[in-house]
Amino acid sequence: MAHHQLPSWTLFLAVCAVGIGGTFQYGYNVSIINAPTQHIHRFLNETWTNRYHKALNPDLLTFLWSVIASVFSLGGMCGALVGGSMAIRLGRKGALLMNNIIAMLASILMGISFPTGLFELLIAGRFLIGINSGVGICVQPLYLGEVAPKHLRGGMAMGSSIFLTGGILMGQIIGLRELLGEEMYWPLLLSSSCLPAFAQLLFLPWFPESPRYLLIDRGDELSCVKALKRFHGSSEYEREMEDIQRESFALDGEKAKKPWQLFTDRAVRWQLITVIVMTMGQQLSGINAIYFYATYVFEQAGISAEQIPYVTLGTGACECLTALTCGLLIDYVGRRYLIIGGYLLMTFWSIVLTFSLTYQELYPWVPYVSMTSIFAFILSFGLGPGGITNTLIAELFIQSSRAAAYMIGGTISWISFFTIGMLFPFIVNRLKQYCFLVFLLECSSVAAFLFFVIPETKNKSFLAIEKEFHKLNFGRNKKETELYERRQLHDGF
């Protein structure tokens with residue numbers, strides 16, 4: 001086996017510069033909305049009374065609040081739809097830099113909604129910060145997957161999950177009463193997302209564009225070599241350069257594809273099905289339900305209402321820790337074991353939770369079983385689906401299809417996120433604790449699907465992974481196989 005160097009400082013710092021304005025924003029904005037719920041309710045009530053001289057109907061209040069909370073995911077979906085095109089047109093780095101302008105605008109709108117008494121600005125701001133998160137979640141893993149050397153691709157792509165969970169944890173900390181959780185500070189809390197955007201505008205310009213993008217999409221060999229030397233050092237860069245040239249050669253001038261072209265392309269059929277199953281699986285796995293149920297379970301375990309925000313911090317820290325652990329394990333253990341194992345463990349903890357929530361009142365120790373299961377479920381999610389889904393999307397596609405695949409994956413992920421946010425309260429009201437049986441079925445089905453379809457991608461070039469899927473996509477189709485093999489030969493496989 002070739003001797004692999006540790007990543008250079010440039011690579012490590014590039015991950016940080018990309019992450020702070022990328023998936024960090026998503027995690028941060030998902031979690032900061034929880035703390036000021038009551039304050040925003042009061043603001044809506046007061047604004048409505050001042051404006052229309054009558055009290056706000058409770059149903060309308062609930063509706064307005066759910067719009068403020070869920071318009072974020074609609075923005076995210078729009079962001080995912082434009083993110084891929086931005087990455088192709090402006091480059092990976094250019095798209096991320098432009099994206100911060102949207103975040104700045106969103107912060108201003110949310111910050112001035114209170115002094116101007118216009119709750120509509122709050123809705124617009126949440127929508128815009130959603131767009132920002134959607135673009136970030138689409139473009140960041142694209143950049144990281146393309147700049148990483150083969151043997152570190154998993155660990156570096158995990159940067160997306162590490163920053164996402166870091167964002168959630170940071171949002172929980174800043175939302176505490178001691179910091180910006182007080183009533184007078186909520187506009188500040190919501191507009192604080194301009195800080196990560198500002199940090200990225202400051203640091204990201206110092207790093208090169210993705211070398212793969214420069215050579216394959218732009219045809220700029222000189223800049224590609226320069227970028228590779230900065231990322232991998234002048235002694236190591238040749239191996240990466242060969243890999244990129246091979247892929248460029250195999251693509252033979254093929255332009256970046258549009259999302260709808262992937263649906264009609266037989267050569268990526270199973271990769272696309274896998275992406276759809278994984279992204280839906282990740283959102284519908286019950287992880288959102290766990291956060292929803294956490295407060296109830298903690299109350300049942302006898303934790304006082306004042307203390308609950310601090311215990312919830314534990315769930316955020318727990319997720320952040322697993323993302324880091326997964327980042328360290330992914331290039332040793334491989335993607336396949338981690339993601340299938342994660343779903344199987346979540347299936348197991350769903351069973352335990354269903355029992356413990358059903359017999360919550362029977363024995364004093366049962367609530368602690370529920371509490372343990374909640375933490376164990378979050379750990380299993382972070383080790384498997386939470387971390388690996390994004391990494392795999394980057395690896396299952398070659399350059400011409402990768403941006404489009406992220407657009408499709410991102411859109412499906414946001415639609416699922418939005419749907420579960422809307423439907424979940426009703427599911428819980430009807431099924432109570434048995435809602436976890438739905439998630440149990442979902443997790444076990446996804447695990448079974450991945451077991452039969454997905455190959456191990458650790459340490460393989462993008463072309464080698466494409467070759468693995470070739471058998472699934474074409475079966476014994478002779479003509480296609482001949483064409484494909486000619487291309488592989490051409491490519492020096």
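Hydrogens, waters and symmetry mates are skipped; everything else that's a heavy atom, side chains included, is used.
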Q | Matching residue for Glu395 among Arg153, Gln271, Arg402 - test: side-chain hydrogen bond (donor to acceptor under 3.5 Å, both in side chains) | A | Arg153

Q | Rounded distance [0.5 Å steps], CZ in Phe207 versus CG in Leu11 | A | 9.5 Å

Q) Going by heavy atoms in the side chains, are Arg51 and Leu118 under 4.5 Å from each other? A) yes

Q | Arg92 to Tyr213, cation-pi by 6.0 Å centre distance and 45° axis angle | A | no

Q. So, for Phe43 and Trp186, is the gap between ring centers shorter than 6.0 Å?
A. yes

Q: Evaluate the side-chain proximity of Ile40 to Leu190: yes if any heavy-atom separation is below 4.5 Å, no if none is.
A: yes

Q. Within the side chain of Arg126, is there an N or O that forms a donor-acceptor pair under 3.5 Å with the backbone of Phe72?
A. no

(Q) Checking side-chain hydrogen bond (donor to acceptor under 3.5 Å, both in side chains) between Tyr28 and each of Ser133, Ser193, Ser192, which is the one that passes? (A) Ser192

Q.
Other residues, nucleotides and ligands only: do more than 12 of their heavy atoms fall within 6.0 Å of CZ on Phe119?
A. yes

Q.
Between Lys93 and Glu146, does any side-chain N to carboxylate O distance fall below 4.0 Å?
A. no

Q: Calculate, to the nearest 0.5 Å, the distance between atoms CG and CG belonging to Leu201 and Asn99 respectively.
A: 9.5 Å

Q: Could you tell me the separation between the OG atom of Ser191 and the CE atom of Met104, rounded to the nearest 0.5 Å?
A: 12.0 Å

Q.
How about CZ on Phe375, more than 12 heavy atoms from neighbouring residues, nucleotides or ligands closer than 6.0 Å, or not?
A. yes

**Q.** Tyr310 atom OH, neighbour heavy-atom count above 12 within 6.0 Å
**A.** yes

Q.
To the nearest 0.5 Å, what is the distance between CE on Met278 and CD1 on Ile412?
A. 11.0 Å

Q: Look up atom CG in Leu56 and atom CG in Asn45, then write down how far apart they are to the nearest 0.5 Å.
A: 5.0 Å

Q: Please examine the side chains of Val139 and Met86, heavy atoms only from C-beta on, and report whether any two atoms are closer than 4.5 Å.
A: no

Q: If the plane angle is over 60° it's perpendicular, under 30° parallel, otherwise tilted; pick one for Trp365 and Tyr363.
A: parallel

Q: Might you confirm whether atom CZ of Phe355 has over 12 heavy atoms from other residues, nucleotides or ligands at distances under 6.0 Å?
A: no

Q. In terms of the angle between their ring planes, are Phe417 and Trp414 parallel, tilted or perpendicular, with boundaries placed at 30° and 60°?
A. perpendicular

Q. Is the cationic atom of Arg212 (NZ for Lys, CZ for Arg) positioned less than 6.0 Å from the six-membered ring centroid of Tyr143 and within 45 degrees of its normal?
A. no

Q) Measuring from Leu321:CG to Ile162:CD1, what's the distance to the nearest 0.5 Å? A) 10.5 Å

Q: Answer yes or no: is there a side-chain heavy-atom contact under 4.5 Å between Leu64 and His41?
A: no

